[in-house]
Trainee: 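Provided herewith is a single structure, encoded as structure tokens, for subsequent inquiry.
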Amino acid sequence: MSDRWHYRQDSAIHGPVDEAEVVRLIQEREISARVPVCKEGADDWMLAHECACFQVKVSPGEKVSKPSRSKPTVKEKSPRPAERKTRKP
């Protein structure tokens, strides 16, 4: 049996709903992953994205990539144009 959760949105408390329903709402962007959630029967609220069961991909089929933390590349100076050789008359 799946856990049941309450979530708070727009100053209203909704639920209890199945864990799968909260996942669906997050994936379809009907609620934010930052919405407060509380497991049925508990007193502690947390943000949905802080709970392992709600760390899901936002859009099914698309990879959610984390920003790269590599160092920025240093822009190299462009080479100077070749100096013209002049002939003396």
Side-chain angles (χ1 to χ4, degrees):
M1 184 171 153
S2 160
D3 290 324
R4 296 180 59 81
W5 294 81
H6 295 273
Y7 64 95
R8 193 177 316 154
Q9 183 181 33
D10 300 328
S11 303
I13 296 175
H14 304 273
V17 296
D18 289 332
E19 185 176 295
E21 176 66 4
V22 177
V23 170
R24 184 193 69 76
L25 292 169
I26 293 170
Q27 286 179 327
E28 294 182 7
R29 298 178 186 216
E30 292 183 33
I31 63 172
S32 166
R34 298 183 71 72
V35 70
V37 295
C38 180
K39 191 179 264 191
E40 186 175 36
D43 294 326
D44 299 328
W45 288 82
M46 68 181 90
L47 299 180
H49 72 86
E50 295 174 337
C51 185
C53 59
F54 301 131
Q55 293 178 1
V56 297
K57 293 179 182 177
V58 174
S59 299
E62 289 184 18
K63 291 183 180 179
V64 176
S65 60
K66 294 183 179 178
S68 172
R69 295 186 183 236
S70 62
K71 293 181 181 177
T73 58
V74 176
K75 187 175 180 180
E76 295 182 20
K77 293 181 180 179
S78 56
R80 288 185 178 180
E83 292 183 19
R84 293 185 183 173
K85 292 184 179 180
T86 56
R87 293 186 190 170
K88 292 185 178 182

Trainee: Atom CD in Glu19, atom CG in Asp3: separation rounded to 0.5 Å?
Mentor: 5.5 Å

Trainee: How far does OG of Ser32 sit from CG of Leu25, to the nearest 0.5 angstrom?
Mentor: 11.5 Å

Trainee: Can you tell if the side chain of Arg4 reaches within under 4.5 Å of the side chain of Val17, non-hydrogen atoms only?
Mentor: no

Trainee: If the threshold is 4.0 Å, N to carboxylate O, is there a salt bridge linking Arg24 and Glu30?
Mentor: yes

Trainee: Quick one, Trp5 and Glu21 - any side-chain contact, counting heavy atoms below 4.5 Å?
Mentor: no

Trainee: Hey, quick one: are Ile26 and Met46 part of the same hydrophobic cluster, counting side-chain heavy atoms closer than 4.5 Å, chains of contacts allowed?
Mentor: yes

Trainee: Side-chain contact test, heavy atoms from C-beta onward, threshold under 4.5 Å: evaluate it for Tyr7 versus Cys38 and give yes or no.
Mentor: no

Trainee: Could you walk me through whether Val23 and Asp18 pass the side chain to side chain contact (heavy atoms under 4.5 Å, CB included) check?
Mentor: CA-CA 9 Å; Val23 170; Asp18 289 332; over 6 Å; no

Trainee: When you check the side-chain N and O atoms of His14 and Arg8, is any donor under 3.5 Å from an acceptor?
Mentor: no

Trainee: Are Arg34 and His49 close enough, and set up right, to give a side chain to side chain contact (heavy atoms under 4.5 Å, CB included), and what steps lead you there?
Mentor: CA-CA 6 Å; Arg34 298 183 71 72; His49 72 86; 3.0 Å; yes

Trainee: Is there a path of hydrophobic side-chain contacts, each under 4.5 Å between heavy atoms, that joins Ile13 and Val35?
Mentor: no

